[in-house]
Amino acid sequence: MGRGVRQFTDEHGNEVRLTDERLGHILRRHSELAFQMHRFAETLADPDAVRPSRSSSTYRLYTDLRGRNRYLCLVVKRETEYSFILTGYLAPSIKGERP
């Protein structure tokens with residue numbers, strides 16, 4: 001694995017990568033996640049919900065984000081050899097569910 005790549009494991013034991021390029025994308029759009037990197041591993045390994053699609057959305061609820069309940073959502077592109085995080089953001093609810 002090259003330099004600038006973080007590696008995580010999802011709920012099925014599959015490898016999920018986060019490149020510096022994708023991390024930069026996430027932090028440019030969602031700077032509040034700069035201090036939430038430690039929660040990426042937990043969200044992937046033990047999600048509250050996974051919404052499959054071409055890119056699956058993985059959610060985990062945290063009660064202390066922005067002073068209230070928020071889901072950390074990581075959008076993961078599934079590939080044969082490994083998966084990678086496309087983006088991440090905080091959400092008030094799981095997509096498709098009412099808050």
Exercise for review: Given side chain to side chain contact (heavy atoms under 4.5 Å, CB included), test Arg17 with Arg22 step by step and report yes or no.
Suggested key: CA-CA 10 Å; Arg17 296 179 182 178; Arg22 289 285 86 200; over 6 Å; no
How far does [atom1] of [X] sit from [atom2] of [Y], to the nearest 0.5 angstrom?
X	Y	atom1	atom2	value
His25	Asp20	NE2	CG	14.5 Å
Asp48	Leu61	CG	CG	6.0 Å
Arg28	Thr87	CZ	OG1	10.0 Å

Heavy-atom donor-acceptor pair, [X] side chain to [Y] backbone, under 3.5 Å:
X	Y	result
Tyr59	Lys95	yes
Thr43	Arg39	yes
Arg60	Asp46	yes

Does a side-chain heavy-atom distance below 4.5 Å link [X] with [Y]?
X	Y	value
Glu42	Tyr62	yes
Arg51	Thr58	no
Arg68	Thr63	no

Check your understanding: Is there a path from Leu90 to Phe40 through hydrophobic residues (I, L, V, M, F, W, Y) whose side chains come within less than 4.5 Å of each other?
Key ->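 Both belong to a single hydrophobic cluster.
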Check your understanding: In terms of hydrophobic clusters joined by side-chain contacts under 4.5 Å, are Val50 and Val16 together?
Key -> no
Exercise for review: Please name all residues satisfying side chain to side chain donor-acceptor pair (under 3.5 Å) with Ser57, sequence neighbours left out, ordered by chain then number.
Suggested key: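 Listed in chain order: nothing, the list is empty.
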Exercise for review: Apply side chain to side chain contact (heavy atoms under 4.5 Å, CB included) to Arg6 and Thr19, showing your working.
Suggested key: CA-CA 6 Å; Arg6 290 152 189 84; Thr19 64; over 6 Å; no
Check your understanding: For Arg29, what residues pass the salt bridge (Lys or Arg N to Asp or Glu O under 4.0 Å) criterion, not counting sequence neighbours?
Key ->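 Once residues adjacent in sequence are excluded, Arg29 has no partner under the salt bridge (Lys or Arg N to Asp or Glu O under 4.0 Å) criterion.
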Practice item. Answer yes when Asp64 and Arg70 have at least one side-chain N-carboxylate O distance shorter than 4.0 Å, and no when they do not. Key: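 Salt bridge between Asp64 and Arg70, a charged N being under 4.0 Å from a carboxylate O: no.
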For residues 72-86, please give each side-chain donor-acceptor pair under 3.5 Å, one per line with the distance, not counting sequence neighbours.
unit_1: Arg78; atom_1: NE; unit_2: Ser56; atom_2: OG; d: 3.0
unit_1: Arg78; atom_1: NH1; unit_2: Asp10; atom_2: OD2; d: 2.8
unit_1: Arg78; atom_1: NH2; unit_2: Ser56; atom_2: OG; d: 3.0

